[in-house]
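Notes follow the structure.
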Amino acid sequence: MSVGKWDKIFFRRKKVHSEGEECTGSKRLEDFERQIGLLLHSDRFIARSDYRTIHERYAELHVSLSNLEKMGMLDVYCEKNRIDPKKMERFLCLYEDLGSKEGSKVVEAHNDEFVKRHLAKDKLYLDTILRRVDPNVKLDEEQRRVVLSDEDYTLVVAGAGAGKTTTMAAKVKYLVEKRGVKPEQILVISYTNKAVGELRSKINKGLKIDCPVTTFHKTGYAILRKKDTERKTVVDGGFMWHVVNNYLKENILECPELVDKLILFFGSYFDAPYEGDNLNDFFNYISKADFSTLRGNMDEYAEKIIDQRTGKCVSIAHETLRSVQEVRIANFLFMNGIDYVYEKIYPYNMRYSYKPYTPDFTITQGDKTVYIEHFGITEDGRNSRYTEEQLARYKKEIDDKIRLHRRHHTDLVYTYSEYDDGRDYLDHLQEMLVAQGIEFHPRTSREVFDRLVSTEENKYIIKLVKLVCTFLHGFKTNGFTIEHFHQFQSKSSNERNKLFLSICERCYLEYSKRLKEKQAVDFEDMINSSAKMLREKEIQGERLGFKYIIVDEYQDISRQRFNLTLELSKLCDAKIVAVGDDWQSIYAYAGSDITLFTQFKDSFGYGLELGITQTYRNAQEVIDIAGSFIQKNTAQIRKSLVSPKHITRPIVVETYTENVDRSKYAGRGGKYFLVGETVERIVGQILEENPDASILLLGRYGFDAFNLCRSSEFTYEEKTGNVISKKYPFAKLDFMTVHRSKGLGYDHVILINARNELYGFPSQVQDDPVLKYVVRDDHSMEYAEERRLFYVALTRTKNRVYIVTPQQHPSDFVRELVKDYPGVMVNGKLDDCRETRTEMKRCPVCGYPMQLRYKKAYGLKLWICSNEPEICDFMTNNLKGGDLPILKCDCCKDGYLIVKEGWGEPFLGCTNFRADRSGCNRAISRDKYLRSVKPLFDE
């Protein structure tokens with residue numbers, strides 16, 4: 001393109017001056033400089049929206065000049081049109097600076113100078129800004145910077161006890177008094193009525209500023225009320241439970257197809273994600289199943305199948321059986337109308353047996369009796385759970401039982417966990433029963449279903465209702481619609497998930513119908529529907545009057561609340577100030593998405609992040625340990641909290657031993673008496689220093705308080721949370737779960753259950769894998785959310801934290817504290833703390849955190865990559881193997897190559913290899929894997 005053609009773009013008419021002169025190119029450059037100059041010389045904080053319009057107005061001009069510059073024609077152009085090259089250069093540099101994604105350096109320098117100037121100029125005002133609320137409150141410099149800053153989107157990252165409520169109150173007062181913003185133009189939103197009450201107390205009552213302070217739900221309801229002339233009934237979670245419970249027990253019978261799906265889900269999938277007994281079967285299950293099912297069900301598999309002594313397996317007929325495989329047989333017999341008796345005493349004794357012989361199942365039809373025995377080994381006699389000696393003993397018992405039945409001429413049908421022909425053992429059982437003349441009378445779906453729901457205590461319906469309600473709550477919290485059920489089903493290859501989604505979809509439709517009939521809305525509808533309505537209003541060109549939206553507890557933001565906040569902002573061009581602490585994000589189960597906080601700028605496109613790190617609750621020694629502990633998760637926002645307070649022995653681990661004579665505590669709460677005894681000792685130590693001290697007893701779960709009070713030393717008042725000590729009746733003791741305690745502070749804190757167990761701390765309870773569709777799991781490291789919850793526990797204290805833990809199996813978090821922080825004091829003995837499970841391991845293939853699953857019954861650790869399986873499905877039993885994964889053995893039909901140690905370095909060896917060198921001897925060295933096996937997978 002010639003210079004002449006560029007003239008037409010550069011000199012084209014933009015405006016006509018009063019004298020009638022056409023605006024020249026040079027004049028346009030001057031206009032740009034003048035407009036930006038006026039902005040930069042103003043006594044105000046400049047937000048990106050303040051210069052965005054100016055920047056957009058000169059976009060075409062910038063493109064034209066940039067193209068000339070690339071063509072090497074800019075100097076020629078300037079000379080021809082008598083434009084100062086320096087003026088041209090200033091325009092290009094300033095325009096590109098203002099358009100930077102990271103933000104303008106020029107504007108940033110202006111804003112820094114503005115804040116610095118007003119920190120001095122407004123010092124007296126800022127010193128006394130909250131005098132009406134509390135004369136002793138004085139903002140620190142970080143809080144003052146938050147008050148003075150005024151970007152479009154601001155995230156205030158607040159430390160625990162750093163005074164975020166105080167900061168928000170001061171911000172509101174400054175906007176009203178110094179910026180001339182009307183109180184009704186400032187909307188303050190928080191999560192709970194309690195938090196709203198605190199904000200109203202400071203802002204509305206204390207400062208006499210009548211701005212709206214409310215919850216997200218009430219905000220949504222207020223928006224809906226503007227559209228609906230009739231006031232709708234608001235329902236809570238109890239209504240959903242009632243509707244789903246009634247539907248699954250009664251109304252579902254109107255849909256025979258769904259009843260069959262429900263029965264299949266109960267009979268085959270609900271408590272039996274996998275059927276099999278040996279290690280190879282388990283790995284085979286892994287290779288075929290949806291990978292997320294492995295993550296959610298591995299512990300359940302190990303407890304229900306591998307460790308059958310403690311697993312409670314219940315059949316449709318409400319019987320507790322010994323194994324899940326027996327449950328399948330019992331359900332099979334029941335659904336086919338075959339009456340049986342479980343473990344009925346056999347009429348003849350086995351020789352040399354010290355107890356009566358009880359076959360698994362006894363079937364009687366007319367004058368015919370058939371016994372069923374199910375053996376937990378394969379047809380060819382394998383089970384990796386057992387040693388060779390144990391297998392030999394097991395096989396001898398099988399032979400003895402078979403000979404016993406032959407001797408007494410009784411009919412025995414026996415099955416194995418796995419057959420050589422690959423068919424299911426229930427298929428073999430059916431053929432053998434038919435051969436014995438047993439008649440099958442399949443029960444109708446109605447009959448089976450009636451048995452399922454015949455008692456309120458039956459775990460099938462109650463557990464399913466709870467799972468469905470949890471799913472639907474998450475489903476609606478994410479703002480999903482009915483179409484998402486079909487999307488989830490189309491993406492899943494897991495039959496269990498598909499069955500559940502079919503059932504849940506019908507429950508969702510039923511619930512939606514009942515809400516409509518009742519003219520009601522639930523808490524999720526308040527937000528989802530109001531956000532949708534705001535989008536419609538924006539399209540119609542309507543506006544709202546808010547200029548600022550201040551969001552409290554932003555670390556708990558969910559996708560639907562984020563959408564509502566964003567739509568509100570768009571409809572009134574309001575600035576957003578979000579305040580919170582990502583270190584205290586502990587509500588993923590309720591729908592919160594921590595990435596909306598940690599990736600704040602990405603969520604809004606740009607923004608300003610400020611911190612308030614001066615804590616007024618904890619001593620420096622406490623926050624040094626707690627802060628270092630939480631920041632082992634590199635995905636958390638980095639910050640260093642500062643406190644004027646100091647204390648010696650900030651965290652004390654108090655241990656007790658369970659290796660004692662239990663008869664001493666018979667009838668006194670058993671092991672919980674040991675916990676109570678330890679807590680009582682700590683309370684005595686605290687009261688000796690300060691008789692008026694407030695003491696918070698913290699539990700991971702609510703039942704921790706009841707367990708504590710199973711000893712005779714304490715009683716618990718559930719309604720008030722008060723705990724009464726028999727020895728110290730006047731002590732100020734309160735109990736709370738860690739979740740409920742967030743935001744509170746006590747003189748001293750005692751964490752009463754730091755055990756390494758399923759319901760310990762960290763909790764090892766796994767969500768049902770189907771919830772992955774609606775819960776935003778944080779895979780940034782092992783136990784990421786539990787780590788944040790433990791941080792909350794540590795920072796509730798104004799002085800010292802005491803942690804009660806057993807010597808023999810202390811919490812992994814306690815072991816980590818003792819191992820890594822010299823300031824943590826241990827009273828008593830503690831077992832080896834050299835290695836902790838919670839230390840983060842990274843996947844050697846993709847870099848994502850590895851999750852550890854370990855069961856003593858296997859004697860095998862499984863490290864699983866937390867990345868999506870479509871991206872990386874790496875899994876290993878030994879991290880020393882590096883990127884050596886578990887593979888299907890290419891030599892035997894059912895073996896798996898796992899990492900073993902030897903040959904001077906780890907290698908892959910088959911699970912079918914035995915100590916006597918029998919079985920499969922397939923082994924692959926690391927070098928051989930890298931040369932031959934790995935390239936095949938890379939392809």
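Note that this is a predicted model, so its numbers are computed, not measured. Here, residue 1 is the first one in the sequence, and each next residue gets the next number. Below, all heavy atoms of this structure are taken into account, side chains as well, without hydrogens, waters or symmetry copies.
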Is [X] salt-bridged to [Y], cutoff N-O under 4.0 Å?
X	Y	value
Lys575	Glu151	no
Asp582	Lys639	yes
Glu553	Lys164	yes
Arg34	Glu30	no
Asp210	Lys205	no
Asp134	Lys202	no
Arg144	Asp122	no

### Task
Classify the side-chain pair Asn563/Glu567 by whether it contains a donor and acceptor separated by less than 3.5 Å.
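Judged by distance alone, the side chains do not pair up.
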### Message
With no hydrogens and no angle check, just 3.5 Å: does a side-chain donor-acceptor pair link Arg561 and Ser558?
### Response
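Checked: Arg561/Ser558 side chains pair up, N/O donor to acceptor below 3.5 Å.
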### Message
For the CZ atom on Arg131, are there more than 12 heavy atoms of other groups (residues, nucleotides or ligands in this structure) within a distance under 6.0 Å?
### Response
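No.
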### Message
Within the supplied structure, the quantity of interest is the number of heavy atoms (other residues, nucleotides, ligands) at a distance under 6.0 Å from Glu89 CD; does it exceed 12?
### Response
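Counting neighbours around CD of Glu89, 12 or fewer heavy atoms of other residues, nucleotides or ligands fall under 6.0 Å, so no.
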### Query
Hey, does Val172 have a side-chain heavy atom less than 4.5 Å from the side chain of Cys211?
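In contact.
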Quick check against the 3.5 Å criterion: does [X] have a side-chain atom that pairs as donor or acceptor with the backbone of [Y]?
X	Y	result
Asn478	Val774	yes
Gln185	Lys182	yes
Thr192	Ala195	yes

### Query
Can you tell me how far CD of Glu141 sits from CG of Leu139, rounded to the nearest 0.5 angstrom?
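Result: 11.5 Å between the selected atoms.
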### Interatomic spacing from CD in Glu108 to CG in Leu608 - rounded to 0.5 Å
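Between Glu108 CD and Leu608 CG, I get 9.0 Å after rounding to 0.5 Å.
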### Task
Measure across Pro212 and Ile186 and return the closest heavy-atom pair with its distance rounded to 0.1 Å.
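Heavy-atom minimum between the residues: CD-O, 3.1 Å.
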### Query
What closest approach, in Å, do Ser643 and Thr615 show between heavy atoms, and which atom pair accounts for it?
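Heavy-atom minimum between the residues: CB-CG2, 3.6 Å.
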### Task
Decide if the gap between the ring center of Tyr791 and the ring center of Phe629 is smaller than 6.0 angstrom.
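No, the ring centres sit 6.0 Å or more apart.
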#### Entry: Ring centres under 6.0 angstrom apart (Tyr95, Tyr51)
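No, ring centres 6.0 Å or more apart.
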### Task
Decide yes or no on side chain to side chain donor-acceptor pair (under 3.5 Å) for Gln555 and Arg788, but give the supporting numbers first.
CA-CA 11 Å; Gln555 75 278 350; Arg788 293 192 290 271; over 6 Å; no
### Task
Sequence neighbours left out, what passes ring pair (Phe, Tyr, Trp, His ring centres under 6.0 Å) with Tyr191? Give chain and number order.
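Tyr191 satisfies ring pair (Phe, Tyr, Trp, His ring centres under 6.0 Å) with Phe216 once adjacent residues are dropped.
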